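Working notes for the structure below.
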Amino acid sequence: MLNDPAQLSRLLNDPEQPLQIVVAGKAHPADEGGKALIQQMVQFADSTDVRRRIVFLPDYDMAMAHAWCRAATSG
C-alpha cells in the first residue's frame with residue numbers, strides 16, 4: 001500500500017468513492033521488517049490529508065478479532 005503514497009492518498013480522498021482502511025496487526029517481536037512496516041503505516045496514517053481515512057488497531061489479537069467478527073454479524 002505504501003509503494004505509492006500519493007496514489008493511496010488520492011484513492012482515500014476520492015470525492016466520488018473515498019476509501020477507508022482499517023489496519024489491524026501486531027508484528028512478532030523478532031520481525032524487524034514487520035515492525036518497520038507497521039511504523040511506516042502509522043506515520044502515513046497520521047498525515048493531515050489521510051488522518052480520518054485510515055484507522056490502525058494496535059496489538060490486534062484473537063480477542064479483538066472475535067469482538068469485531070461478532071459485531072459484524074450481529075447487525
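Residue numbers run from 1 in the order of the sequence given. In this text the structure is predicted, and so the values were computed from the model without any measurement. These numbers come from the heavy atoms of this one structure, side chains and all, not from hydrogens, waters or symmetry mates.
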Seminar exercise, completed: All heavy atoms of Ala27 vs all of Gly34, minimum pair found to be CB-C, 3.7 Å
For this session: Quick one: which residue pairs count as a salt bridge (Lys or Arg N to Asp or Glu O under 4.0 Å) with a foot in residues 28-37, not counting sequence neighbours?
Result: Glu32-Lys35
Seminar exercise, completed: For residues 2-13, the salt bridge (Lys or Arg N to Asp or Glu O under 4.0 Å) pairs (sequence neighbours left out) are none
Atom pairs and distances, side-chain donor-acceptor, residues 14-25, under 3.5 Å, sequence neighbours left out:
residue, atom, partner, partner atom, Å
Asp14, OD1, Glu16, N, 2.7
Asp14, OD1, Gln17, N, 2.7

For this session: Using side chain to side chain contact (heavy atoms under 4.5 Å, CB included) as the criterion, list what pairs up with Lys26, not counting sequence neighbours.
Result: Asp59
Exercise. Are Leu57 and Met62 linked, directly or through other ILVMFWY residues, by side chains that come within less than 4.5 angstrom of each other?
Worked result: no
Could you tabulate the donor-acceptor pairs under 3.5 Å formed by side-chain atoms of residues 37-49, not counting sequence neighbours?
residue, atom, partner, partner atom, Å
Asp46, OD1, Arg51, NE, 3.4
Ser47, OG, Phe44, O, 2.9
Asp49, OD2, Ser9, OG, 2.6

